[in-house]
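Structure first, commentary second.
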Amino acid sequence: MLTRGTLPVFLGAVGVLADVSIYPYPVPIPTPGAAYVGWQAYDPTTLADPPLPQSIPPLDFQIQLDTSGNPTASQATLGSFLGISIEMSLSEAVSASWLRPQFLNFMSALKERGGPPVLRLGGNTQEKAELVDSLPGGASLAKFAIGPTGYTNTPTLQYTLDILKALRAASDLLEIKWFLGVPMNQTDPPRLEIVEKGETVMGEYLWGWQLGNEPDLYALHNYRSSNYTELDYMDEYQSILADVTADPNIQVKNNFGGPGVCCLWDLGDLINNQNYLGRFGSQLNSLIIEHYPLDNCDPSAHDPQQVLNSYMIHSFAQAFSGQYSAIAATANAAGKPVILLETNTASCNGFRGLSDSFAAALWATDLALNLASVNFTHMMLHLGGQAAYYNPFVPPPHNASAPFMWTVGPPMYAILLVAEALGTTGQARVADLGANGNNAYTPGYVIYENNQPARLVLLNYMGDTSGASDYTAHVATDASQVKVRYLVAPQVISKTNITFAGQSFGGYFESDGLLRGEHQTETVQCSGGSCPIRVPAPGIALVFLTDSAYSPDDDFKTFATSHTTKMHNTAALPAGALETSNGMNGGIRKTMKLASTSTNKKNAAGHRADTKIGGALILASILAGTGVFLA
Ligand SMILES: *[C@@H]1O[C@H](CO)[C@@H](O)[C@H](O)[C@H]1NC(C)=O
Ligand SMILES: *[C@@H]1O[C@H](CO)[C@@H](O)[C@H](O)[C@H]1NC(C)=O
Ligand SMILES: *[C@@H]1O[C@H](CO)[C@@H](O)[C@H](O)[C@H]1NC(C)=O
Ligand SMILES: *[C@@H]1O[C@H](CO)[C@@H](O)[C@H](O)[C@H]1NC(C)=O
Ligand SMILES: *[C@@H]1O[C@H](CO)[C@@H](O)[C@H](O)[C@H]1NC(C)=O
């Protein structure tokens with residue numbers, strides 16, 4: 001029988017591999033007995049909702065808030081806290097020859113809520129990526145299916161400066177800041193071309209360079225011999241930083257983040273015993289961590305259903321951040337921001353049914369706010385591509401030249417909500433409320449602005465379609481009314497039908513990066529100094545305690561498709577494929593409109609007429625058109 005929370009928490013598990021999800025090389029592996037054998041990113045297989053806890057928590061409880069003006073809370077946090085880590089081999093999905101309007105729309109939605117997004121481009125593929133002057137056919141990215149190591153799924157990349165220019169062009173539009181990966185596959189000579197040539201291209205939009213990716217896995221990936229130690233790594237890091245100092249083509253010498261340790265080395269040992277921060281402090285701009293709570297590299301090691309039950313509790317997120325809180329304090333004291341540069345529900349593409357369900361949105365929201373509460377600066381959810389379950393969003397496979405619609409995964413809704421919860425001031429301070437007696441199923445966070453409670457995020461981890469496990473939190477406040485937006489889905493295991501404030505990006509192959517539907521905000525009347533906030537099971541309520549905390553208002557603008565920016569000739573796409581209508585030609589749009597099951601609606605802001613795309617017929621034809629469903 002499945003029970004809740006009985007798994008040990010697999011933190012710091014030895015043998016966690018970095019993600020090797022590569023687009024578009026891996027051929028989908030048919031699962032015996034399963035109907036679906038297509039790309040993981042579109043797998044409709046669902047798990048069962050976790051069972052309700054044996055002891056149902058109180059469903060009606062008080063929340064007191066600290067209005068003293070001197071709250072115990074995190075440091076000031078940016079609304080871009082929860083960002084996206086993009087595997088370098090996927091960079092053409094966001095940039096390449098065109099700035100994808102879908103990508104710009106996603107980023108615009110985040111900027112509207114939490115200020116300019118912070119993204120990371122890097123990962124395993126950064127280690128052997130090579131910046132070249134030009135590529136055949138004017139392409140900006142080329143992949144060679146030659147495993148540089150025993151890991152045959154990791155291609156070697158060549159890219160041109162056009163990739164960085166595209167990132168910069170996106171930043172010019174939306175002020176996106178970037179962490180970019182610098183290879184460390186060799187030390188002598190180091191490979192610093194991306195820094196030498198990219199520095200001026202990226203300008204003020206470079207957050208920092210990540211020098212080396214997961215060095216604790218170098219031996220495992222055959223980048224180094226098996227006797228490679230933390231001390232070897234430290235010496236190499238030092239030698240590369242010395243080269244940076246001596247390099248006349250690099251202007252900024254102190255914009256490097258590390259160590260990017262993942263799973264095999266003890267970060268605490270590097271920091272406390274090996275003096276990592278002291279030794280590199282003058283050139284170090286951040287402390288980088290890369291870690292997933294569990295790995296799925298050996299799919300037989302974990303039962304996704306049982307894992308799901310363990311993820312759907314607050315203590316899971318608390319345990320993850322708990323293992324880093326002392327390290328974070330040490331790094332912050334040394335003036336180094338702490339970045340979880342790569343994570344997601346599980347490494348090696350995530351768990352089917354978990355990583356691509358509403359559960360992932362609940363988990364990511366809880367973990368992000370928990371890490372913010374212990375003074376992390378950023379957390380980046382990895383985008384792995386077609387072979388991954390956990391993508392915040394993913395462009396269609398290359399074969400799908402039309403209609404070229406994107407798929408948005410549940411993690412994207414967490415990113416939206418966290419951006420809105422932290423807002424645009426850059427002064428938000430976060431605290432775990434320990435709500436409901438620190439009950440594991442009903443966690444809550446308070447976000448302070450000017451040291452006064454401004455917003456709340458209340459989660460309900462229980463899955464109960466009957467409504468009997470919804471809870472009501474009675475929030476103590478002087479306000480006469482508060483506003484609430486909900487992130488909800490029918491079930492914990494729902495893969496689609498997720499809405500935030502009534503809006504959705506749609507299902508598989510339905511997104512152009514714009515939220516669709518009426519933007520809904522509920523107003524809750526308060527009385528006697530208390531506001532009753534209902535939180536559905538499952539669901540998340542984002543509560544705005546003051547008018548000034550309420551942003552964006554219902555009038556916010558969506559990013560117009562006219563921002564489509566032609567960059568360079570493309571090798572990947574048919575010319576003009578994205579020129580109009582977010583990559584759909586008018587004919588296809590029309591067909592979809594006809595197939596729609598509901599009337600077209602303007603969103604509340606009236607900036608754009610939404611075309612609600614639905615209907616099994618049209619979906620089937622899209623899928624057939626892409627060759628995604630093989631079964
Ligand atoms: C986080 O930073 C704030 C502000 O500096 C500090 O008051 C708080 O104690 C820190 N929290 C932790 C868990 O270190
Ligand atoms: C590092 O990567 C580059 C580019 O792929 C490659 O040419 C070089 O041989 C690699 N170095 C080592 C030591 O493997
Ligand atoms: C580590 O292994 C390499 C290759 O086998 C060898 O050349 C080197 O001397 C070894 N280093 C140490 C410290 O044992
Ligand atoms: C692309 O199409 C070819 C032939 O139509 C097929 O063999 C291949 O599996 C497709 N690739 C993807 C990623 O769907
Ligand atoms: C999800 O939405 C579709 C329409 O977009 C609807 O047909 C379906 O019944 C919904 N599923 C659930 C579980 O609500």
Side-chain angles (χ1 to χ4, degrees), residues 22 66 68-78 81 88-89 122-133 135 141-151 154-160 181-195 211-213 215 218-236 239-240 268 271 287 317-338 340 369-378 422 426-434 445-451:
I22 295 311
D66 184 344
S68 69
N70 185 25
T72 300
S74 73
Q75 62 192 8
T77 302
L78 291 169
F81 184 92
M88 199 153 187
S89 60
N124 274 335
T125 40
Q126 85 186 43
E127 294 292 7
K128 284 209 160 187
E130 194 178 4
L131 181 56
V132 296
D133 288 340
L135 287 166
L141 184 73
K143 301 169 212 182
F144 305 99
I146 310 160
T149 69
Y151 287 76
T154 305
T156 297
L157 291 185
Q158 287 185 337
Y159 64 100
T160 70
V182 180
M184 219 179 121
N185 73 320
Q186 62 184 49
T187 308
D188 193 18
R191 298 180 50 239
L192 295 168
E193 303 81 19
I194 186 174
V195 185
L211 176 57
N213 183 67
Y218 281 174
L220 202 61
H221 288 180
N222 299 335
Y223 286 131
R224 298 290 190 281
S225 51
S226 58
N227 56 12
Y228 190 67
T229 64
E230 290 175 18
L231 295 179
D232 295 330
Y233 162 75
M234 300 260 291
D235 287 346
E236 290 182 1
S239 116
I240 296 180
I271 288 181
L287 181 77
Q318 285 174 311
F320 188 96
S321 54
Q323 71 185 322
Y324 292 118
S325 58
I327 287 170
T330 304
N332 279 310
K336 307 303 171 194
V338 184
L340 181 59
L369 294 174
N370 218 270
L371 289 171
S373 79
V374 299
N375 293 332
F376 273 62
T377 305
H378 289 285
L422 298 175
Q427 297 302 316
R429 300 182 63 197
V430 184
D432 188 335
L433 283 165
Y445 294 87
V446 55
I447 291 103
Y448 297 93
E449 298 276 5
N450 297 320
N451 292 322

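None of the values given here were measured: they were computed from a predicted structure. Indexing begins at 1, ligand by ligand and atom by atom, following the structure's order.
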So which residues, sorted by chain and number, lie with a heavy atom under 4.0 Å of ligand 3? Ser225, Asn227
Is there a nitrogen or oxygen of Glu127 sitting under 3.5 Å from a nitrogen or oxygen of ligand 2? no
Could you please spell out the steps behind the side chain to side chain donor-acceptor pair (under 3.5 Å) verdict for Tyr218 and Glu236? CA-CA 13 Å; Tyr218 281 174; Glu236 290 182 1; over 6 Å; no
Per-atom contacts of ligand 1 with Asn375, taking only distances under 4.0 Å to non-hydrogen atoms: 1 (C), 2 (O), 3 (C), 8 (C), 10 (C), 11 (N), 12 (C), 14 (O)
Show the atoms of ligand 2 that are less than 4.0 angstrom away from any heavy atom in Asn185. 1 (C), 2 (O), 3 (C), 8 (C), 10 (C), 11 (N), 12 (C), 13 (C), 14 (O)
For a side-chain contact (heavy atoms from CB on, under 4.5 Å) check, start with the C-alpha distance between Arg191 and Asn185, then their side-chain angles and the critical distance, and finish with the verdict. CA-CA 8 Å; Arg191 298 180 50 239; Asn185 73 320; 2.9 Å; yes
Of all the atoms in ligand 2, which lie at a distance below 4.0 Å from a heavy atom belonging to Gln186? 1 (C), 8 (C), 10 (C), 11 (N), 12 (C), 13 (C)
Got a sec, which residues hit side chain to side chain contact (heavy atoms under 4.5 Å, CB included) with Ser68, two or more places apart in sequence or on another chain? Asp66, Asn70
Please determine whether side-chain contact (heavy atoms from CB on, under 4.5 Å) holds for the pair Tyr159 and Ile194, giving the CA-CA distance in whole Å, both sets of side-chain angles, and the decisive distance to 0.1 Å. CA-CA 10 Å; Tyr159 64 100; Ile194 186 174; 3.2 Å; yes
Applying salt bridge (Lys or Arg N to Asp or Glu O under 4.0 Å) to Asp232 and not counting sequence neighbours gives none
Might you point out which heavy atoms bring Asn451 and Gly69 nearest each other, and give the distance in Å? CB-O, 3.4 Å
Any heavy atom of Ala73 closer to ligand 1 than 4.0 angstrom? yes
Give a yes or no on whether Asn450 atom CG has more than 12 heavy-atom contacts from other residues, nucleotides or ligands under 6.0 Å away. no
Hey, does Gln158 sit under 4.0 Å from ligand 2 if you only count heavy atoms? no
Glu130-ligand 2 polar pair, N/O distance under 3.5 Å: no
Distance-minimising heavy-atom pair for Lys336 and Leu287: CB-N, 4.2 Å
Expected list for residues 371-378: side-chain donor-acceptor pairs under 3.5 angstrom, two or more places apart:
unit_1, atom_1, unit_2, atom_2, d
Ser373, OG, Asn370, O, 2.6
Asn375, OD1, Gln75, N, 2.7
Thr377, OG1, Val338, N, 3.4
His378, ND1, Ser80, O, 3.3

